Amino acid sequence: MNEDAILAEFRAAEALLEGHFVLSSGKHSAYYLQCARVLMSAERAGRLALALAQKLPRDLKAEIDLVVSPAMGGLIIGHEMGRALGVDAIFLERPEGQFTLRRGFAIEPGQKVLLVEDVVTTGLSSREAMKAVRAEGGIVLAEAALVDRSAGEAELGVPFYPLVSLNFPVYEPDALPPELAATPGIKPGSRKNAV
Ligand SMILES: O=P(O)(O)OC[C@H]1O[C@H](OP(=O)(O)OP(=O)(O)O)[C@H](O)[C@@H]1O
Ligand SMILES: O=C(O)c1cc(=O)[nH]c(=O)[nH]1
Ligand SMILES: [Mg+2]
């Protein structure tokens, strides 16, 4: 699938939103990719996961023991990536603010992990999730995501394989352009406190 075809999937699912959004990182943007809408079709989610799995080098794929994804956004695509790669997929969640494994999920020391996200903007959530994986003794081989909206700028510290790479500007709260400053921002994601 090329980038145009993938963006067409986002448009078809009405997942490319325009307005004033407060992102997980606390930054603001005039655009938001609502991946949950893209993934609400199980058929489409499976197709996108297969396309994403195809982006991974063959030798990397052979090494992956486990997919780990940060809830909520990473959950569905993580599950579909587990299916595409033929490995288990577990998720981290943060009911108290820090990513943690619950529900009987565990990472064996030395297990080789592919971290899977829906969207990467600053990479903050990815880095927090990797820290939690490493604290359990897991080895993060790489990250895959549906969308890198930092256009390659996010620093993850491991090889990063996005299905599509976009460059949507983000702004600090005290440096909003006039069209955003004129409207209140909405925060679609589930992180409790902007950082
Ligand atoms: O690269 P970053 O700047 O961290 O932004 C991307 C993160 O933001 C969103 O999650 P969010 O924290 O909004 O919560 P959710 O996944 O629970 O909706 C998205 O699912 C990524 O996890
Ligand atoms: O940075 C974010 O929080 C973010 C941006 C985006 O476009 N979509 C999303 O789900 N989260
Ligand atoms: Mg998330």
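Just so you know, these numbers come straight off a predicted model, no measurement behind them. We count residues from 1, following the sequence as given. In each ligand, atom 1 is the first atom listed, and ligand 1 is the first ligand listed.
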Using a 4.0 Å cutoff against the non-hydrogen atoms of Thr121, which atoms of ligand 2 qualify?
1 (O), 2 (C), 4 (C), 5 (C)
Below 4.0 Å from ligand 1: does a non-hydrogen atom of Ser126 turn up there or not?
no
So is Asp118 polar-close to ligand 1, meaning N/O to N/O under 3.5 Å?
yes
Logged contact type for Ala154 with ligand 1, heavy-atom cut-off 4.0 Å, is neither
So is Val119 touching ligand 1 or not, going by heavy atoms under 4.0 Å?
yes
Structural part of Gln34 in contact with ligand 2, heavy atom criterion under 4.0 angstrom
neither
Considering only non-hydrogen protein atoms, determine which one is nearest to atom 7 (C) of ligand 1 and report residue, atom name and distance to 0.1 Å.
Ser125 OG, 3.5 Å
Quick one: nearest non-hydrogen protein atom to atom 3 (O) of ligand 2, plus distance?
Ser24 N, 2.9 Å
Are Arg94 and ligand 1 in contact, using a heavy-atom cut-off of under 4.0 Å?
yes
Using only atom types and a distance under 3.5 Å, with no angle test, would you say the side chain of Lys192 pairs donor to acceptor with the backbone of Pro95?
yes
Verify ring-ring contact (aromatic ring centres under 6.0 Å, His included) between Tyr31 and Phe21, making sure each step is shown before the conclusion.
CA-CA 7 Å; Tyr31 296 94; Phe21 304 98; 8.5 Å; no
What's the separation between atom CZ in Arg47 and atom CG in Leu52, rounded to the nearest 0.5 Å?
14.0 Å
Per-atom filter on ligand 2: closer than 4.0 angstrom to a heavy atom of Arg149 are 5 (C), 6 (C), 7 (O)
Which atoms form the tightest heavy-atom contact between Leu56 and Lys61, and what is the distance?
O-CE, 3.4 Å
Restricting to non-hydrogen atoms, name the atom on Ala106 and the atom on Gln111 that form the minimum distance, rounded to 0.1 Å.
O-OE1, 4.3 Å
For the CG atom of Asp174 and the NE2 atom of His28, what is their distance to the nearest 0.5 Å?
9.0 Å
Which of the ligand 1 atoms, numbered from 1, are nearer than 4.0 Å to a heavy atom of Gly123:
1 (O), 2 (P), 3 (O)
Could you identify the single nearest non-hydrogen protein atom to atom 13 (O) of ligand 1 and state the distance to 0.1 Å?
Gly189 CA, 3.3 Å
Sidechain-backbone polar pair: Glu153 side chain, Ser150 backbone, donor-acceptor under 3.5 Å
no
Are the side chain of His20 and the backbone of Thr183 linked by a donor-acceptor contact shorter than 3.5 Å?
yes
Set out, in order, the CA-CA distance, both residues' side-chain angles and the distance that settles salt bridge (charged side-chain N to carboxylate O under 4.0 Å, His left out) for Glu136 and Lys131, then state yes or no.
CA-CA 9 Å; Glu136 300 287 324; Lys131 196 172 159 196; over 6 Å; no
Side chain, backbone, both or neither: the part of Leu33 lying under 4.0 Å from ligand 2 by heavy atom:
both
Which atoms from ligand 2 have a heavy atom of Leu23 less than 4.0 Å away?
1 (O), 2 (C), 3 (O), 5 (C)
Measure the spacing between CG of Asp118 and CG of Leu75 and express it to the nearest 0.5 Å.
10.0 Å
Please state which protein non-hydrogen atom is closest to atom 16 (O) of ligand 1 and give its distance, to 0.1 Å?
Gly73 N, 2.8 Å
For ligand 1, which atoms have a heavy atom of Arg191 less than 4.0 angstrom away?
12 (O), 14 (O)
With a 3.5 Å distance limit and no angle check, can you tell me whether Asp65 reaches the backbone of Lys112 through a side-chain donor-acceptor pair?
yes
Just to confirm my output: which protein heavy-atom neighbour is closest to atom 15 (P) of ligand 1, and how far is it?
Ser190 OG, 3.5 Å
Distance filter under 4.0 Å to Leu124 heavy atoms, resulting ligand 1 atoms:
1 (O), 2 (P), 4 (O)
Hey, does the side chain of Arg127 reach the backbone of Thr122 with a donor-acceptor pair shorter than 3.5 angstrom?
yes
d(Ile76 CD1, Cys35 SG) to nearest 0.5 Å is 10.0 Å
For atom 11 (N) of ligand 2, which candidate among Tyr32, Phe168, Phe21 provides the closest heavy atom?
Tyr32
Please identify which atoms of ligand 2 are closer than 4.0 Å to at least one heavy atom of Val119.
6 (C), 8 (N), 9 (C), 10 (O)
To which protein heavy atom is atom 8 (O) of ligand 1 closest, and what is the distance rounded to 0.1 Å?
Ser24 CB, 3.3 Å
Check Leu141, Asp88, Val133, Leu85 against Leu66 for a side-chain contact (heavy atoms from CB on, under 4.5 Å) and give me the one that passes.
Asp88
Going by the 4.0 angstrom heavy-atom rule, the piece of Glu117 near ligand 1 is side chain
Among Val120, Thr122, Leu75, which residue places a heavy atom closest to atom 2 (P) of ligand 1?
Thr122
